[in-house]
Amino acid sequence: MSEISYREATIQDALKISVLLKTVYIQTYAVAGVTLEFASFITQKFAPSLIEGNLRKSSNRFVLACLYENLVGVAEIINNSRCPIRNIPLPELSKLYVLEHFNGKGIGYGLLKEVEKQVVSQGYKELNLEVYVNNDKAIAFYKRQGYTSLGMVDFPMESNTYKNWVMNKRLV
């Protein structure tokens, strides 16, 4: 899609980012509906005030995919992260979310390439991410982009724990 542009997020984008994150999270993970635990988790985790705080941190960066300045995708990079498998400092692709209507149009690929470019420009040679073990679509996408699985970790959500793959790619 030639109308898609990519840019760094600003504080003024926090509300739009919040809505997009909640929407994609529900579309992807609410396969059995929205439970109280689920609703509580996304309300807290994706609150605009929390996103604003993350935008103010020098260690966090958000890359946005926009269609005529309307948000259609977002990626979050956490620079001061540690690989939970190898216990070494590496940047983490914390989120890569694209609205369902825009899936299959190269927007996720464009966001990922922007993230990888930023990570390399900061002197890093690798990028980590975590992905839910049952998110087959995302796992296949990351594998097509050259990411490999390092192992599994637990993802706690209030009273339940879910398994995530830790994936990694050497960028240079």
How far apart are the closest heavy atoms of Ala14 and Pro48, and which atoms are they? CB-O, 3.9 Å
To the nearest 0.5 angstrom, please state how far the NZ atom of Lys169 sits from the CG atom of Asn128. 13.0 Å
Ala65 and Leu111: which non-hydrogen atoms are nearest, and at how many Å? N-CD2, 3.8 Å
Rounded to the nearest 0.5 Å, how far apart are CD of Glu69 and CD of Glu3? 13.5 Å
When hydrophobic residues are tied together by side-chain contacts of less than 4.5 Å, even through go-betweens, does Ile85 share a cluster with Tyr147? no
Could you go through Asp154 and Tyr162, starting from their C-alpha distance and side-chain angles, then the distance that decides it, and tell me whether this counts as side-chain contact (heavy atoms from CB on, under 4.5 Å)? CA-CA 6 Å; Asp154 289 334; Tyr162 302 91; over 6 Å; no
Could you state the interatomic distance from CG (Leu71) to CG (Leu21), rounded to the nearest 0.5 Å? 8.5 Å
Interatomic distance, Asn103 atom CG to Lys137 atom NZ [nearest 0.5 angstrom]: 3.5 Å
Taking C-beta and beyond as the side chain, do Gln122 and Asn79 meet within less than 4.5 Å on heavy atoms? yes
Are Leu67 and Leu15 linked, directly or through intermediate hydrophobic residues, by side-chain heavy-atom contacts shorter than 4.5 Å (ILVMFWY only)? no
Report yes if the side chains of Val153 and Glu130 come closer than 4.5 Å at any heavy-atom pair, otherwise no. yes
Over all heavy atoms of both residues, which pair between Gly106 and Tyr6 is shortest? Give the atoms and the distance, please. O-OH, 3.8 Å
Would you give the length of the straight line joining atom CD1 of Ile26 to atom CD of Glu100, rounded to the nearest 0.5 angstrom? 11.5 Å
Report yes if the side chains of Val74 and Lys95 come closer than 4.5 Å at any heavy-atom pair, otherwise no. no
Under the ring pair (Phe, Tyr, Trp, His ring centres under 6.0 Å) rule, what do Phe155 and Phe41 come out as? Steps first, then yes or no, please. CA-CA 12 Å; Phe155 176 80; Phe41 176 81; 5.7 Å; yes
Return yes if a side-chain donor-acceptor contact under 3.5 Å exists between Asn168 and Glu126, otherwise no. yes
I'd like to check Leu96 versus Val115 (side-chain heavy atoms, cut-off strictly below 4.5 Å). Are they in contact? no
A quick test of your reading: do over 12 heavy atoms of other residues, nucleotides or ligands sit less than 6.0 Å from NZ of Lys113? yes
Same apolar cluster: Val19 and Leu50, side chain cutoff 4.5 Å: no
Test side-chain contact (heavy atoms from CB on, under 4.5 Å) on Leu127 and Leu171; report intermediate values, then the result. CA-CA 7 Å; Leu127 180 63; Leu171 301 173; 4.0 Å; yes
Answer whether the closest heavy-atom distance between the side chains of Asn60 and Ile77 falls below 4.5 Å. no
Side-chain donor/acceptor of Ser40 to backbone N/O of Leu36, under 3.5 Å: no
Just by distance, do the side chain of Ser18 and the backbone of Phe46 share a donor-acceptor pair under 3.5 Å? yes
Please check: side-chain N/O of Glu37 versus main-chain N/O of Asn160, any donor-acceptor pairing under 3.5 Å? yes
Got a salt bridge between Glu8 and Arg61, using NZ or NE/NH1/NH2 to carboxylate O under 4.0 Å? yes
What's the verdict on side-chain contact (heavy atoms from CB on, under 4.5 Å) for Asp13 and Arg7, showing C-alpha distance, side-chain angles and the deciding distance? CA-CA 11 Å; Asp13 295 310; Arg7 66 175 176 82; 2.9 Å; yes
What's the shortest heavy-atom distance between Ile107 and Phe102, and which atoms? CD1-CB, 3.5 Å
Do Val166 and Ile88 land in one hydrophobic cluster if side-chain heavy atoms of ILVMFWY residues count as linked below 4.5 Å? no
Side-chain touch Met167/Lys143, heavy atoms, less than 4.5 angstrom: yes
Check against side-chain contact (heavy atoms from CB on, under 4.5 Å), Cys83 and Leu150: CA-CA 10 Å; Cys83 174; Leu150 299 177; 3.9 Å; yes
Are the side chains of Val98 and Val72 in touch, meaning some heavy atoms are under 4.5 Å apart? no
Of the non-hydrogen atoms in Leu20 and Gly73, which two are nearest, and what is the gap between them? CD1-N, 3.6 Å
Any idea which heavy atoms bring Asn135 and Val131 closest together, and the distance? CB-CG2, 4.1 Å
Can you label the angle between the Phe38 ring and the Tyr25 ring as parallel, tilted or perpendicular, going by 30° and 60°? tilted
Measuring only between side-chain heavy atoms, which start at C-beta, is Asn164 closer than 4.5 Å to Val133? no
For a quick check under 3.5 Å, do Gln12 and Thr10 share a side-chain donor-acceptor pair by atom type? yes
To the nearest 0.5 Å, what is the distance between CG (Leu129) and CD1 (Ile78)? 11.5 Å
Go through the steps to decide whether Arg82 and Glu92 satisfy the test salt bridge (Lys or Arg N to Asp or Glu O under 4.0 Å), and finish with yes or no. CA-CA 8 Å; Arg82 293 189 76 77; Glu92 176 187 352; over 6 Å; no
Distance-only donor-acceptor check, side chains Thr23 and Gln27, under 3.5 Å: no
Assess, by modelled atom type and distance only, whether the side chains of Asn134 and Tyr29 contain a donor and an acceptor separated by less than 3.5 Å. no
Cluster overlap Met157 with Val31, hydrophobic side-chain contacts below 4.5 Å: no
